Asker: 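Structure provided below as C-alpha cells; questions to follow.
In what follows, residues are counted from 1 in the order of the sequence shown. These figures come from a predicted structure and were not determined experimentally.
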Amino acid sequence: MRRSSQVLLAAFAAATTTTLVRRVLHATHPGGRTRWERLNHRGEIISMVEGPAVGAGLVVGGLCASGGQRNQCATVIATAGATGFGLIDDLFEDTTTRSKGLKGHLGALARGHVTTGGLKVLGIGASAFAASLALPSNKRTAVDVVVNTALIAGAANLVNLLDLRPGRAAKATGAAALIALLRWQDPRSAATLGAVTAAVPADLDEREMLGDSGANALGALAGVTVAAHGTRTTRVVAVAGIVALTLASEKVSFSRVIEQTPWLHRIDMFGRRPLDSTTQGAPDQSASDTAQSREL
C-alpha cells in the first residue's frame, strides 16, 4: 500500500473509531452517568467520554499504520496502556485523599499508599517500558530502552499537564503530529490528527474533556513516534526538555504563563468560548480541584 494511502487510512480509522466510541459511551455511560461527569474550570458539568474515545481511535489508527509489526505493537501497548490506566484514575479516583502531581503520587507510593494516580504512574511506566522493548532491534539497546521509556512516559505526563483548558492538549499534540507527519511521513501521526479532529469540537465547546485517559494516550503516541524515528541525541534532548517542563510545572502555572504571553494566549483561545470575569486568570489549582485534574 502506498504511504499516502496508509496515512489516509490511519486518519480515517482513528476519526471513525473516536466518533463511534463517543456515541456508544454517550448512549450507555457504563457505571452510571454521574461517574462520567466532572466540573470544568467554569464550574460547569462536562462529560469525560472523549478521553477513552480518543484512546480507542489512536489504538485502531495505530494498528492501521505501517512500519512493521514491532512498531505497531509498540504503538498499541503505549496508547492502550496510557488510555486504560488514565481511565482508571478518571473514573475511580478517591477525591477525599487525592495526591496532586507526579511528586504527590510518588510520595504516596513511597509511604505505601497506592492511589489510582500512583497506579497510573506505575502502569504507564510499565506500558512505556514494554513499548520500548517492542520497538525494532535498532532501538532496543539498554540505553535506548531507558531513554525511550522515559520519553514515552514523560510525554504522556506532559500532555496531561497541558490539558487544563479546553482544546489545549489537542492543539499541542495536533501541531506536533502535523510536524512529525511532514518530517517522517508516519501514519501514526495521521492517526493523532484523525482522532483530534473528531474530538476537538466538543472539547473546545466545553461539552467534553480528554481527562487523563485521552491526554495520556495522545502524549504516549507522540512519545512512541519520536522513539521510533528520532536519533539517540534527539530523544535524549526531548527527554531533557520533558523533565525540565515537568519540574517547572511544580512551581509555575502553565495557564498563567500562557495567559501572560499574547501569542500563546491567542492560540490557546482560538475556537474556544470567550473567557468571563470568573475564569479570566484563574489559577491551575482551581481546575485541578474540580474536574480537570490531569496530572499523571
Side-chain angles (χ1 to χ4, degrees), residues 38-44 46 50-51 54 100-103 151 154-183 189 192-212 214-219 221-223 225-226 234 237-296:
R38 294 293 184 275
L39 297 179
N40 68 0
H41 67 111
R42 299 178 191 266
E44 299 172 348
I46 58 176
E50 178 186 344
V54 166
K100 302 308 301 174
L102 184 60
K103 182 178 179 181
L151 176 59
N157 182 47
L158 182 60
V159 173
N160 209 21
L161 291 173
L162 290 175
D163 195 36
L164 283 168
R165 291 297 183 269
R168 185 179 294 171
K171 290 173 185 175
T173 53
L178 181 59
I179 293 171
L181 182 61
L182 295 173
R183 174 66 179 83
S189 299
T192 294
L193 291 171
V196 165
T197 299
V200 76
D203 197 313
L204 290 173
D205 198 40
E206 301 184 33
R207 291 179 283 115
E208 297 176 6
M209 59 185 269
L210 281 169
D212 292 352
N216 285 152
L218 286 168
L221 183 54
T225 302
V226 176
T234 298
V237 170
V239 170
I242 288 170
V243 170
L245 288 171
T246 301
L247 292 176
S249 72
E250 298 286 343
K251 302 292 184 181
V252 179
S253 164
F254 286 173
S255 286
R256 194 171 299 280
V257 170
I258 290 170
E259 289 166 3
Q260 294 175 352
T261 307
W263 69 273
L264 287 177
H265 183 60
R266 285 194 293 272
I267 294 173
D268 195 46
M269 289 303 301
F270 181 76
R272 284 177 52 186
R273 292 163 50 191
L275 295 174
D276 56 37
S277 59
T278 63
T279 58
Q280 179 72 44
D284 284 355
Q285 188 61 39
S286 65
S288 298
D289 286 343
T290 54
Q292 298 188 353
S293 54
R294 314 288 182 83
E295 316 86 25
L296 180 64

Asker: Can you name the residues that form a side chain to side chain contact (heavy atoms under 4.5 Å, CB included) with Ala222, not counting sequence neighbours?
Answerer: none
Asker: If we only count heavy atoms from C-beta on, is the Phe254 to Leu164 side-chain gap below 4.5 Å?
Answerer: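 A side-chain contact is absent here, since even the closest heavy-atom pair is not under 4.5 Å.
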Asker: Ala177 and Ser189: which non-hydrogen atoms are nearest, and at how many Å?
Answerer: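 Reported closest heavy-atom pair: O-CB, 3.3 Å.
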Asker: Grab the two heavy atoms, one from Ala169 and one from Val159, that are nearest each other, plus how far apart they are.
Answerer: CB-CG1, 3.8 Å
Asker: Who are the side chain to side chain contact (heavy atoms under 4.5 Å, CB included) partners of Leu247, not counting sequence neighbours?
Answerer: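 With sequence neighbours excluded, Leu247 shows a side chain to side chain contact (heavy atoms under 4.5 Å, CB included) to Val243, given in chain and number order.
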Asker: Take atom CZ in Arg183; do more than 12 heavy atoms of anything else shown fall under 6.0 Å from it?
Answerer: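 No, not enclosed.
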Asker: Please enumerate all residues that pass side chain to side chain contact (heavy atoms under 4.5 Å, CB included) together with Ile242, with sequence neighbours excluded.
Answerer: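 Per chain and number, Ile242 pairs via side chain to side chain contact (heavy atoms under 4.5 Å, CB included) with Leu151, Ala155, Leu158, Thr246.
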Asker: Looking at every heavy atom in both Ala172 and Leu162, which two are closest together, and how far apart are they?
Answerer: CB-CD1, 3.9 Å
Asker: Output every pair passing salt bridge (charged side-chain N to carboxylate O under 4.0 Å, His left out) with a member in residues 262-271, not counting sequence neighbours, ordered by first then second residue.
Answerer: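 The answer is Arg168-Asp268, Asp268-Arg272.
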Asker: Quick one: are Met209 and Asn40 in side-chain contact, heavy atoms under 4.5 Å?
Answerer: no
Asker: Any donor and acceptor pair, going by atom type alone, linking the side chain of Thr261 with main-chain N or O of Leu264 inside 3.5 Å?
Answerer: no
Asker: Thr173 and Val196: which non-hydrogen atoms are nearest, and at how many Å?
Answerer: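 For Thr173 and Val196, the tightest heavy-atom pair comes out as OG1-CG2, 4.1 Å.
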Asker: Is there side-chain contact between Leu204 and Lys171, with at least one heavy-atom pair below 4.5 Å?
Answerer: yes
Asker: Report the residues that fulfil salt bridge (charged side-chain N to carboxylate O under 4.0 Å, His left out) with Arg207, sequence neighbours left out, ordered by chain and then residue number.
Answerer: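 Residues passing salt bridge (charged side-chain N to carboxylate O under 4.0 Å, His left out) with Arg207: Asp205.
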Asker: Measure from the side-chain N and O atoms of Asn216 to the backbone N and O of Ala156, and report whether any donor-acceptor pair falls under 3.5 Å.
Answerer: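 Checked: pair present.
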Asker: Measure across Ser249 and Leu161 and return the closest heavy-atom pair with its distance rounded to 0.1 Å.
Answerer: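 Distance-wise, the nearest heavy atoms are OG-CD1, 3.5 Å.
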Asker: Looking at every non-hydrogen atom in both residues, tell me the closest pair between Arg42 and Pro274 and how far apart they are.
Answerer: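 Looking at all heavy atoms of both residues, the shortest contact is NH2-O, 3.1 Å.
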Asker: List the residues meeting side chain to side chain contact (heavy atoms under 4.5 Å, CB included) with Thr234, not counting sequence neighbours, and say none if there are none.
Answerer: Thr231
